[in-house]
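Here's the structure we're looking at; comments come further down.
A note on names: the letters A, B, ... follow the listed sequences, proteins ahead of strands, and every chain is numbered from 1.
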2 protein chains.
Amino acid sequence: MNYSKQRESVLQALRENVVHPTAEYIYDIMSKSDNPVSLATLYRNLNQLTEAGKIKKIDGLENSAHYDHNTSEHYHFICTECKKVFDVPAEVADAVVKNTEEKTGFVIQSHDVIFRGLCNNCKNR
Amino acid sequence: MNYSKQRESVLQALRENVVHPTAEYIYDIMSKSDNPVSLATLYRNLNQLTEAGKIKKIDGLENSAHYDHNTSEHYHFICTECKKVFDVPAEVADAVVKNTEEKTGFVIQSHDVIFRGLCNNCKNR
DNA sequence: AAATTTATGATAACAATTCTCAGTTTATAA
DNA sequence: TTATAAACTGAGAATTGTTATCATAAATTT
């Protein structure tokens, strides 16, 4: 993987975004910035960065993928009201994995958890 | 929701399939059966059945959704080798939810867990 | 059995993503 | 340094999974 200005900008855009954005969202904010990229380049780089483990792709939310610059082990929460995505700690992860490996005999390489509910803003109306 | 022969066949096809199929897979096997349905009808019914809680839609696996006739609480495992999807027990679910609610303050309405790894067939080459 | 509601198939439309390809950058090697 | 190769880019076409449209048909209600 070579260096490229565009890829750097994509990473940068992700880092500046607390609320894990979709490709479309990133595209829009980058388009308004002084470092716009084409859609093809954006998707290409999101895939490459994911592949390289520099960002995380979050599937299973609505129709489109979300992206996360936080690569440490953690889970995700999506608010059914405001649709924002939050990181949540994955404290019981080891227990979950061990338990499942024991029950099934399967070899677990990774796992993802998505919670749905109301965030602290939305739960108080 | 009215009765319909086609919807019954869709449910039937799902029940006969241990390995949670995609819409495309169901469409293919039904097309070869003596109860074929159109793609539109298939998707319509999968959505309705999901809505009605009679089946479960599994998002976050590859590109397309998988469907599960098992509506009891459980998690899913996809084999990275053979791509089959298995049910796994959700025994620690309560602990996971409670822990996360306490740490975040969020109200959790539901959660999904997807494991990736090697199933019993594939782990032995 | 007429009227109303809901379902169907064929196919068009759609949204998210990937592919193609000619031109440009970046890295490598002579 | 050039010059060669490898990786990257933007524009837009193509693909994929899914939903919408609509005329007809089946199911339910009266």
Side-chain angles (χ1 to χ4, degrees), chain A residues 1-14 17 19-68 76 78 83 85 114, chain B residues 1-14 17 19-68 76 78 83 85 114:
Chain A
M1 179 150 81
N2 276 351
Y3 167 87
S4 97
K5 201 172 181 173
Q6 288 87 338
R7 182 152 45 238
E8 208 52 39
S9 307
V10 171
L11 243 183
Q12 175 72 7
L14 264 171
N17 257 281
V19 179
H20 318 47
T22 60
E24 188 191 6
Y25 186 89
I26 302 170
Y27 180 73
D28 288 346
I29 55 170
M30 291 188 75
S31 292
K32 290 176 200 140
S33 80
D34 43 351
N35 292 10
V37 296
S38 71
L39 253 189
T41 297
L42 176 57
Y43 274 107
R44 235 184 280 123
N45 282 321
L46 288 172
N47 285 337
Q48 287 177 160
L49 290 166
T50 302
E51 198 82 356
K54 293 191 193 298
I55 63 174
K56 273 194 174 187
K57 183 178 181 180
I58 316 171
D59 283 315
L61 305 176
E62 310 151 348
N63 319 302
S64 34
H66 291 241
Y67 296 88
D68 189 350
H76 291 106
I78 183 169
K83 310 296 182 195
V85 179
I114 291 180
Chain B
M1 182 150 80
N2 278 349
Y3 168 87
S4 97
K5 201 172 181 172
Q6 288 87 340
R7 180 151 47 236
E8 207 53 38
S9 308
V10 171
L11 243 182
Q12 175 72 5
L14 263 171
N17 257 280
V19 178
H20 318 49
T22 59
E24 188 191 5
Y25 185 89
I26 303 170
Y27 181 74
D28 288 347
I29 54 169
M30 291 188 74
S31 292
K32 290 176 199 140
S33 80
D34 42 353
N35 292 10
V37 296
S38 72
L39 250 191
T41 298
L42 176 58
Y43 274 107
R44 236 184 279 123
N45 282 322
L46 288 172
N47 284 337
Q48 287 176 160
L49 290 166
T50 302
E51 198 81 359
K54 293 192 195 296
I55 63 174
K56 271 193 174 188
K57 184 178 182 182
I58 316 171
D59 284 314
L61 305 175
E62 310 153 347
N63 319 301
S64 33
H66 290 242
Y67 295 88
D68 189 350
H76 291 105
I78 183 169
K83 310 295 181 196
V85 178
I114 291 179

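Between A:Q48 and D:dC8 there is a side-chain N or O to OP1 or OP2 distance below 4.0 Å.
Using a 4.0 Å heavy-atom cutoff across all strands shown, A:R7 reaches sugar-phosphate atoms only and no base atom. B:S4 comes within 4.0 angstrom of sugar-phosphate atoms only, judged by non-hydrogen atoms across all strands, and of no base.
For B:E24, the side-chain atoms get nearest to D:dG17 when compared with the rest of D:dG17, C:dT17, D:dC8. In the set D:dT19, C:dA16, C:dA7, D:dT19 carries the atom at the smallest distance from any side-chain atom of B:N47. Side-chain proximity of B:S64 to D:dA11, D:dA27, D:dT18: nearest is D:dT18. Across C:dA7, C:dA16, D:dT9, the shortest atom-to-atom separation from the side chain of A:Q6 is found for D:dT9.
Applying the 6.0 Å contact sphere to CD of B:E51 captures no more than 12 heavy atoms from other residues, nucleotides or ligands.
When atom types are taken as modelled, the side chain of B:R7 and the backbone of B:L46 share no donor-acceptor pair closer than 3.5 angstrom. Between the A:S31 side chain and the A:Y27 main chain, a donor and an acceptor come within less than 3.5 Å of each other.
Atom pair B:M30:CE and C:dT8:C1' shows a separation of 13 Å (rounding to whole Å applied). Regarding A:Y43, its OH atom lies at a distance of 12 Å from the P atom of C:dA15, rounded to whole Å.
The structure places NE2 of A:H66 at 9.0 Å from CD1 of A:I114, a figure rounded to the nearest 0.5 Å.
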